[in-house]
Amino acid sequence: MNTRITELFAIDHPIVLSGMSWISTPELVAAVAEAGGLGILATGVLDAEQTRAAVHRTRELTQRPFAANVTLYFPGNRANAEVLIDEQVPVINYSLGKGDWIAEAVHAYGGKVVATVTTIKHALAAERDGADALIVTGHEAAGHGGEVTSLVLVPTITDAVSIPVIAAGGFADGRGLAAALALGAGGVAMGTRFMNTVESPVHDDAKHVSVERSISDTVYTNRVDGLPGRYVKATGSRRIMNMRLNPLSALMRSREIAKLLGLPWLKLAAGIVLSGYRRSVQMARMAIGFDAFKKGCVEGDVERGVLPLGQCTGLMNDTPTVAEVMSRIVTEAEDALERVGNG
Ligand SMILES: Cc1cc2nc3c(=O)[nH]c(=O)nc-3n(C[C@H](O)[C@H](O)[C@H](O)COP(=O)(O)O)c2cc1C
């Protein structure tokens, strides 16, 4: 299947593994690359040294092109971006920040840059800043998807920009890929589907959750880590959403927040006192969310932790290998396109 995305990244299939912390590891990235897609290595919870080791490990496992992500909103991720540039990673995916300096450095060694966006304003800014492609994440997505559904957001953005678009949020099978292509995208990125594969390192309980839950079993809220996002409805997510946070709770958690943000504790504690109510509550949520995601993703514990989960969880009823997912999706998409073409 040839699209602008397969051509841009020199891959066989227009299917991308989203960058998910603790999940999109070198092993899963390599499995997707070997099956002909593009895997995005997640660096969100890694420091610079760990990021370099993960890039080396990915290169040991595959000779094929791969990507790595940086969430610019998280302090410390600038250092990770610098490592990825230094390592000349073929594709860098950035989100939640301004990536003009990344594009300039990556283009200098012949690499490509993909920006993840959820609004038309950010899509236009990323194109201006030199991105070669966009991942456009709609409301259906696990984690931090947009306010607007993929069905509406993807064609709106493909109309507005001239660079190719990868649709994310709600895509788990070949009908979804065919639909994304019809909407003007050049491919899909998937988180929930790849999280539930044999090679995915998440706990088996998390895979069971994604098999068992239906399309109505997720919630979209900003009361988990302070940013709007989608999670499985369960005791863990309900507990965090109901937590009342105030600057005092931020202060009490300041040691763990400081560690997460890579800042000296005293500086952070002073910052909390001076930064005002809203910002300090958001910092507390970020620290709590980080801890909860780790329990949800690594331990599969949705009673004490929180598992990001997309609405497409309702489209899944098994745990296949990455290669099976890829070949199934390509065959289904070709069938769907032929069916539509034949009327
Ligand atoms: C279990 C899980 C963990 C995720 N963790 C992250 C993360 O750490 N960083 C991030 O940017 N997105 C994360 N996401 C969101 C994905 O990157 C992607 O945007 C989303 O899954 C796409 O929508 P879909 O789930 O409908 O395929 C996660 C998704 C899942 C399912």
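Position 1 is the first residue of the sequence; numbering continues from there. Keep in mind the model is a prediction, meaning the values are calculated, not measured. Atoms within each ligand, like the ligands themselves, are counted from 1 in listed order.
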* Asked: Is there a nitrogen or oxygen of Thr137 sitting under 3.5 Å from a nitrogen or oxygen of ligand 1?
  -> no
* Asked: Hey, is ligand 1 close enough to Glu140 that some N/O pair sits below 3.5 Å?
  -> no
* Before giving the answer on side chain to side chain donor-acceptor pair (under 3.5 Å), spell out for His144 and Asp225 the whole-Å C-alpha distance, their side-chain angles and the decisive distance to 0.1 Å. => CA-CA 10 Å; His144 303 131; Asp225 69 353; 2.8 Å; yes
Strictly under 4.0 Å, does any heavy atom of [X] approach an atom of ligand 1?
X	answer
Gly44	no
Gly169	yes
Thr71	no
Cys312	yes
Met190	yes

* At a 4.0 Å threshold, what atoms of ligand 1 neighbour a non-hydrogen atom of Ile23? -> 1 (C), 2 (C), 3 (C)
* Structure fact -> So the atoms of ligand 1 within less than 4.0 Å of a heavy atom of Ala141 turn out to be 22 (C), 23 (O), 26 (O)
* To do: Decide whether Val117 and Leu96 are clustered together by the hydrophobic rule: side chain heavy atoms of Ile, Leu, Val, Met, Phe, Trp, Tyr closer than 4.5 Å, transitively.
  => no
[atom]: which protein heavy atom is closest, and how many Å away?
atom	answer
atom 20 (C) of ligand 1	Ala142 O, 3.5 Å
atom 25 (O) of ligand 1	Thr192 OG1, 2.5 Å
atom 3 (C) of ligand 1	Pro308 CG, 3.6 Å
atom 17 (O) of ligand 1	Ser18 CB, 3.2 Å
atom 26 (O) of ligand 1	Gly170 N, 2.8 Å
atom 7 (C) of ligand 1	Ser21 N, 3.6 Å
atom 14 (N) of ligand 1	Met20 CG, 3.8 Å

* Asked: Could you give all pairs that pass the side-chain hydrogen bond (donor to acceptor under 3.5 Å, both in side chains) test and reach residues 5-26, with sequence neighbours left out?
  ->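 Non-adjacent pairs meeting side-chain hydrogen bond (donor to acceptor under 3.5 Å, both in side chains): Asp12-Arg64.
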* **Centroid separation Tyr231 to Phe293 less than 6.0 Å** => yes
So for atom [atom1], which belongs to [X], do other residues, nucleotides or ligands contribute more than 12 heavy atoms lying within a distance under 6.0 Å?
X	atom1	result
Gln63	CD	no
Glu334	CD	yes
Arg175	CZ	no

* Is the shortest distance from a Lys or Arg side-chain nitrogen in Arg78 or Asp47 to a carboxylate oxygen in the other one below 4.0 Å? -> no
* Asked: Of Gly145, Gly19, Ala206, Gly191, which has the heavy atom at the shortest distance from atom 9 (N) of ligand 1?
  ->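 The residue whose heavy atom sits nearest atom 9 (N) of ligand 1 is Gly19.
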* Please examine the side chains of Val113 and Val91, heavy atoms only from C-beta on, and report whether any two atoms are closer than 4.5 Å. => no
* Asked: Is there a side-chain contact between Val211 and Thr313, using heavy atoms and a 4.5 Å cut-off?
  ->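 No, too far: nothing below the 4.5 Å cut-off.
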* Asked: About how many Å separate CD of Glu87 and NE2 of His56, when rounded to the nearest 0.5 Å?
  ->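 Rounded to the nearest 0.5 Å, the NE2-CD separation comes out at 3.5 Å.
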